[in-house]
Engineer: 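One structure coming up, written as structure tokens, with questions to follow.
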Amino acid sequence: MQLLPAERAAQLSAEFGLKQDEYARVLSILGRSPSLTELGIFSVMWSEHCSYKSSRHWLKMLPTKAPWVIHGPGENAGVIDIGDGLAAIFKMESHNHPSFIEPYQGAATGVGGILRDVFTMGARPIANLNALRFGSPDAPRMKRVIDGVVRGIGGYGNCVGVPTVGGEVNFHPAYNGNPLVNAMTVGIAPRDRIFLSAAAGLGNPVVYVGSKTGRDGIHGATMASTEFSADSEEKRPTVQIGDPFTEKLLIEACLELMATDMIVAIQDMGAAGLTSSSVEMAGKGGVGIELVMDNVPQREEGMTAYEMMLSESQERMLMILKPGREAEAEAIFQKWELDFAVIGHLTDTGRIVIRHKGEIEADIPLAPLESEAPLYQRPTVETPKQPVLDAATIADPLGALPALEKLLGSLDLCSRRWIWDQYDSTVGGQTVKRPGGADAAVVKLEGLDRALAMTTDCTPRYCQADPEAGGAQAVAEAWRNLTAVGALPLAITDNMNFGNPEKPEIMGQFAAAVRGMAAACLALDFPVVSGNVSLYNETQGRGILPTPAIGGVGVLEDARQAVGLALRPELDVVLVGETLGWIGQSLWLREITGREEGAPPPVDLAAERRNGDFVRNQILSGSVVACHDLADGGLLVAAAEMAMGGSTGLKLAAPPAGAAAAGWWFGEDQARYLLAVQDGAALLAAARAAGVPAMKIGRSGGGDLVLADGSSISIARLVAAHEATLPALMNGEAA
Amino acid sequence: MKSAIIVFPGTNRERDMAIALERASGRKPAMVFHLQDALPPGTDLVVLPGGFSHGDYLRCGAMAAQSPIMRAVRDFAERGGLVLGVCNGFQILTEAGLLPGALLRNATLRFLSMDCHMRVERADTPFTSHWQKGAVFRSPMAHGDGNYFCDDETLARLNGEGLVAFRYATPEGSITPAANRNGARDNIAGILSPTLRICGLMPHPEDLVDPLMGGTDGLPLFTSLLDSLASA
């Protein structure tokens, strides 16, 4: 083996992102200087992206168990029992850094990667969602980023034929230099046919399938583990290029193979490619693995072992087959015109050995590569508490309806139609609630009555002001959105997007957000089953808003019970939940008075649970025509969204005596829903019996939104304000 | 009805199509992989479904049109068999020369995924008999290359011989530029062969055959086919 000279090795280790003490550990594990390939393997496996070295300590606090959880964090994706002998398999993952450098490919390969995490476990993907944070559209390059990310998500998802059914988007200058692209996939598999990644069986063949390996994406995981600087453009070669057509073939070929009994273990080649898949599969199985690089299908000539082990070429999978089944398996991949190669076998040495052209290029003991991986309990500083603002003390410059019209056209509340019109949301023929039609997307399971509801949620400005309350709120809002379509919320995946963990205030945000999330998960029986951490989301020292994006999944036993948010005429509109008029961190405060301040609304988890369970029971009883949770923008925005959704007007009662108008109409108190029902009195009686605060606030009909003081605005005018914003910004941005 | 759905590498709406055909006829269609060189015996309807055959690389439908199964489809069509092509299937039919014209990149230069409305231009065909002439129906569409183009001569023939099956329309049935999102010539959404036995269209009626998914506007396409085969 060709070892690196000591001085060169030390210098390269720093370039590869290893800290000095981490490199010292490499030397002590090997007992010698590393080869180039070995140094590459250590540096990517111990990168923040692959090792979770700053976050693992905190992530352990998250609840991950429930009777319906089949596999929690630690596998390629989380697995839950959804009844009828089926499991839902899902995860969310970030592709933030690549999407800023090369928006189309960065976002596209983010979708491709998360799809593989899900179908590698045996699931057919049935839905994609996303959670996007962009900077101010007038920031440099930002429109190009928005356009490229949306095209990339569509370009990949539309071609593989998985409907993109939901998501969320925020705009804030804190993301000007570091937008966030989080992609989520939900898949379905028979609950007794889940494929895991732990390798087993001495001598069993290690098989590579999918696309050929090229020089793209080398050290992508390392790039994702550092801050951005002015020379980030130079990192473009670390961004991978996606081929959704090959992914589609890979899905079909893998599912066909999975219908047989040939597979022992399987994992996709994601971040750190062949390195992480082989190391993790052998490590989990407690076996050794030997790979011959000469057998790896190669796209380019003259590739070295180092390049092949570090490449992040897309659409590749690694699997362990039962012995003697290679020819049968190969026939399936040939049918789908994909590469298939036996590139090694399992050993009992507990080591990973890489051979190329007759030489040994790496020989590393697997146990210490994992057990001695760095784990940091980094210093934390608590985020200072913000003052509680009183709506009564804040001047209201516009009045209710003009403020409403302005809010509905603002970036964080305007219609997302321009985005979702570029995503195929109906392929598969099972989409019951499409984007915009309900608080959560609802996708039926083919051939069954059962349906899954899914959503992505986070309110980063709350997290910035109070990470613990914000973390709890993100989980609670996901739970609420699933509840609002009538689904029973089951579990979440999380995508923790934060700044530089070496800064105590950032690590303090992370720790507090996890605390808040954990409390909400516990109170709502809503465990975390998978997740992803993206740190170092900073550009030139400026961090993003802390953004713990939550992807929630729930189940409806009968898809016909799902309700949307579209208001219909001649219905009572009932507000469920308590309204204090919480104005701090509200969008009204930011968009109408220009102040982004104050403590965010507190999350009363007992009230969330009580109110949500009540609302779900009402929906399942069949008495609810439409339901919408109150979130950004508060009561009046929610009412307007229902009215616009159904092209139906409504008349609203005056605020209760003593309530400040802005707080009543636009406060963002949590645990609230608007329900449209035939019989408001019956609903109020049921609420009283359940100990749930509820009041009738309006009656639907006509074509205007009318307030008790006689002021009114037409629904058509609200729709015009709501729909105009993104097309006006983006339609100049052609390909 | 004994239908066969052709599956190319990259086809992705074959399951949607199977659901719609089964809903209309009560019979599961056969899935036929592109490398096969014959249709199942007794096939009376061939459907080329939507998707991105061969990744839309080269040109949409260009490579699929050269697949082994397409010889059998062509023979089937020449014998008067019913052939339906939807979205990528329509693109493949034009590339195979079974229908005239071509599908260009959408005029907006963006992928368009939304509901559209189509006006039924004639009701005396195996594909449209369960609508009235002039009826308007809603359908999802989802394509990047659905902008129907043909030369003036072909356009005159299509219009003159009544070979336009569906045009993009407003919900009230007006043929307007605004209703024509992808920029197709004369708002053409779907066309017929001179024999009226081959039909291609861009939108996806197969995704709107169930009230649970938002409506049954697309169902008449499939019940028309069933009716025509039952009475044949």
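So you know, we letter chains A, B, ... as the sequences are listed, proteins then strands, and number each from 1. Please read these numbers as outputs of a predicted model, since none were measured by experiment. Values reported hereafter were calculated over all heavy atoms of this structure, with side chains retained and with hydrogens, waters and symmetry mates removed.
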Engineer: Measuring heavy-atom distances to chain B, does A/Arg434 have an atom under 4.5 Å in its side chain, in its backbone, in both, or in neither?
Structural biologist: side chain
Engineer: Name the region of B/Leu212, side chain, backbone, both or neither, that has any atom closer than 4.5 Å to a heavy atom of chain A.
Structural biologist: both
Engineer: Please determine if A/Asp147 and A/Arg151 form a salt bridge, counting it only when a charged side-chain N lies under 4.0 Å from a carboxylate O.
Structural biologist: yes
Engineer: Quick one: does A/Glu315's side chain have a donor or acceptor within less than 3.5 Å of a partner on A/Asp243's backbone?
Structural biologist: yes
Engineer: Relative to chain B, which of A/Phe245, A/Tyr423, A/Trp336 shows the most heavy atom pairs under 4.5 Å?
Structural biologist: A/Phe245
Engineer: Looking at B/His143, B/Met114, B/His204, which has the largest count of heavy-atom pairs under 4.5 Å with chain A?
Structural biologist: B/Met114
Engineer: Contact part of A/Glu446 toward chain B, heavy-atom cut-off under 4.5 Å: side chain, backbone, both or neither?
Structural biologist: side chain
Engineer: Tell me, for B/Arg105 versus chain A, whether the close heavy atoms (under 4.5 Å) come from the side chain, the backbone, both or neither.
Structural biologist: neither
Engineer: Pick whichever of A/Asn158, A/Val150, A/Val442 has the most heavy-atom pairs under 4.5 Å with chain B.
Structural biologist: A/Asn158
Engineer: Would you say A/Arg116 and A/Gln314 are linked by a side-chain donor-acceptor pair, where the criterion is simply a distance under 3.5 Å?
Structural biologist: yes
Engineer: Select one option (side chain, backbone, both, neither) describing which atoms of A/Val160 are under 4.5 Å from chain B's heavy atoms.
Structural biologist: backbone
Engineer: How would you list, by chain and number, every residue that makes a ring pair (Phe, Tyr, Trp, His ring centres under 6.0 Å) with B/Phe76, sequence neighbours excluded?
Structural biologist: none
Engineer: Heavy-atom distances under 4.5 Å only: say whether B/Pro140 touches chain A with side chain, backbone, both or neither.
Structural biologist: side chain
Engineer: Any salt bridge between A/Asp216 and A/Arg299, counting N to O under 4.0 Å?
Structural biologist: yes
Engineer: Between A/Lys433 and chain B, which part of the residue has a heavy atom less than 4.5 Å away: side chain, backbone, both or neither?
Structural biologist: neither
Engineer: Hey, are B/Ser113 and A/Asp421 close enough side-chain-wise for a donor-acceptor pair under 3.5 Å?
Structural biologist: no
Engineer: For the side chain to side chain contact (heavy atoms under 4.5 Å, CB included) test, which of B/Val46, B/Leu229, B/Ile198 pairs with B/Leu82?
Structural biologist: B/Leu229
Engineer: Just by modelled atom types, is the B/Leu58 backbone N or O under 3.5 Å from a matching donor or acceptor in the B/Asp56 side chain?
Structural biologist: no
Engineer: Which answer fits A/Thr431, side chain, backbone, both or neither, if we ask what part of it has an atom under 4.5 Å from a heavy atom of chain B?
Structural biologist: backbone
Engineer: Between A/Gly429, A/Ala562, A/Gly161, A/Gly154, which has the largest tally of heavy atom pairs under 4.5 Å with chain B?
Structural biologist: A/Gly429
Engineer: Out of A/Gly437, A/Gly155, A/Cys159, return the one with the most heavy atom pairs under 4.5 angstrom to chain B.
Structural biologist: A/Cys159
Engineer: Among pairs that include at least one residue of residues 81-94 of chain B, which meet side-chain hydrogen bond (donor to acceptor under 3.5 Å, both in side chains), considering only residues two or more places apart or in two chains?
Structural biologist: B/Ser53-B/Asn88, B/Asn88-B/Gln91
Engineer: In terms of heavy-atom pairs under 4.5 Å with chain B, which of A/Glu247, A/Arg417, A/Arg560, A/Gln430 leads?
Structural biologist: A/Gln430
